[in-house]
Amino acid sequence: MNIEYKVNQQISADEFIDLLKRSTLGERRPIENIKCINGMLNNSNLIITAWDGSRLVGISRSITDFHYCCYLSDLAVDEEYQRLGIGKQLQVQTQAQIEPTCKLLLIAAPAANDYYGQIGYTKNERCWVLERGSEIIT
């Protein structure tokens, strides 16, 4: 197997949805909402993809200023390709695109919560989330 990593390779919403379904991330993403999926892809400014030939097998989708912070919103690897180092390499490739002064931030999927500490991340207890449909209290 020869995995090729590509920076900002354009992918279609259908390719992204298919990969999300083949990973554990599909159950937590709006795969039925094509407008949202297109918005996720079109408004991300750093996407690293992993390919096995013409098959998309992994993605790291981020929003970043490249200097201070990079929010890694989606890290998905096809379940058939998991535990081969692809997810880690997607993160390495993401980090290679940002300045050394830039923090890499993410919200771990429940099943992956223990994984990130093992590869160098530190847990931050100061994260706050305003859930969809909620409003700022005035």
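All figures in this text were calculated on a predicted structure; none of them were measured in a lab.
Heavy-atom minimum distance, Ile37 versus Ala13: CG2-CB, 3.7 Å.
For the atom pair Ile137 CD1 and Leu130 CG, the distance stands at 9.0 Å (nearest 0.5 Å). Rounding to the nearest 0.5 Å places CG of Leu75 at 13.5 Å from CD1 of Ile107. Note that the SG atom of Cys70 and the CD atom of Gln91 stand 10.5 Å from one another [nearest 0.5 Å]. Here the NZ atom belonging to Lys103 is positioned 12.0 Å from the CD1 atom belonging to Ile98, to the nearest 0.5 angstrom. We find the CG-CD distance between Leu46 and Gln95 to be 11.5 Å, quoted to the nearest 0.5 Å.
In the hydrophobic cluster analysis, where Ile, Leu, Val, Met, Phe, Trp and Tyr join through side-chain heavy atoms closer than 4.5 angstrom, Leu25 is grouped together with Ile59. Leu90 and Leu106 end up in the same hydrophobic cluster when Ile, Leu, Val, Met, Phe, Trp and Tyr side chains are linked at under 4.5 Å.
Gln93 places no side-chain N or O within 3.5 Å of a backbone atom of Val7 that could act as its donor or acceptor partner. Side-chain N or O atoms of Thr64 include one that pairs as donor or acceptor with a backbone N or O of Cys69 at under 3.5 Å. Not a single donor-acceptor pair under 3.5 Å links the side chain of Arg22 to the backbone N or O of Glu80.
Partners of Asn113 according to the side chain to side chain contact (heavy atoms under 4.5 Å, CB included) rule, which considers only residues two or more places apart in sequence or in another chain, are Ala108, Lys123.
Evaluated for a side-chain contact (heavy atoms from CB on, under 4.5 Å) with Leu19, the options Val77, Ile11, Leu56 yield exactly one hit, Leu56.
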Atom pairs and distances, side-chain donor-acceptor, residues 27-35, under 3.5 Å, sequence neighbours left out:
unit_1: Arg28; atom_1: NH1; unit_2: Thr24; atom_2: O; d: 3.3
unit_1: Arg28; atom_1: NH2; unit_2: Thr24; atom_2: O; d: 3.3
unit_1: Arg29; atom_1: NE; unit_2: Asp74; atom_2: OD1; d: 2.5
unit_1: Arg29; atom_1: NH2; unit_2: Ser73; atom_2: O; d: 3.0
unit_1: Arg29; atom_1: NH2; unit_2: Asp74; atom_2: OD1; d: 2.8
unit_1: Asn33; atom_1: OD1; unit_2: Lys35; atom_2: N; d: 3.3
unit_1: Asn33; atom_1: OD1; unit_2: Cys36; atom_2: N; d: 3.0

Using residues 47-54 as the side-chain source, report each donor-acceptor pair under 3.5 Å to any protein atom, sequence neighbours left out, with the distance given to one decimal.
unit_1: Thr49; atom_1: OG1; unit_2: Lys6; atom_2: O; d: 3.4
unit_1: Thr49; atom_1: OG1; unit_2: Trp51; atom_2: NE1; d: 2.7
unit_1: Asp52; atom_1: OD2; unit_2: Tyr81; atom_2: OH; d: 2.6

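Counted within 6.0 Å of CD on Gln89, heavy atoms from surrounding residues, nucleotides or ligands total more than 12; the atom is thus considered enclosed.
Residue pairs meeting the ring pair (Phe, Tyr, Trp, His ring centres under 6.0 Å) criterion with at least one member in residues 115-138, sequence neighbours excluded, are Tyr116-Tyr121. Residues in residues 11-33 take part in no ring pair (Phe, Tyr, Trp, His ring centres under 6.0 Å) pair, two or more places apart or across chains.
Between the side chains of Ser60 and Thr94, at least one donor N or O sits under 3.5 Å from an acceptor N or O.
Side-chain heavy-atom separations under 4.5 angstrom define the hydrophobic clusters, and Val129 shares its cluster with no other residue.
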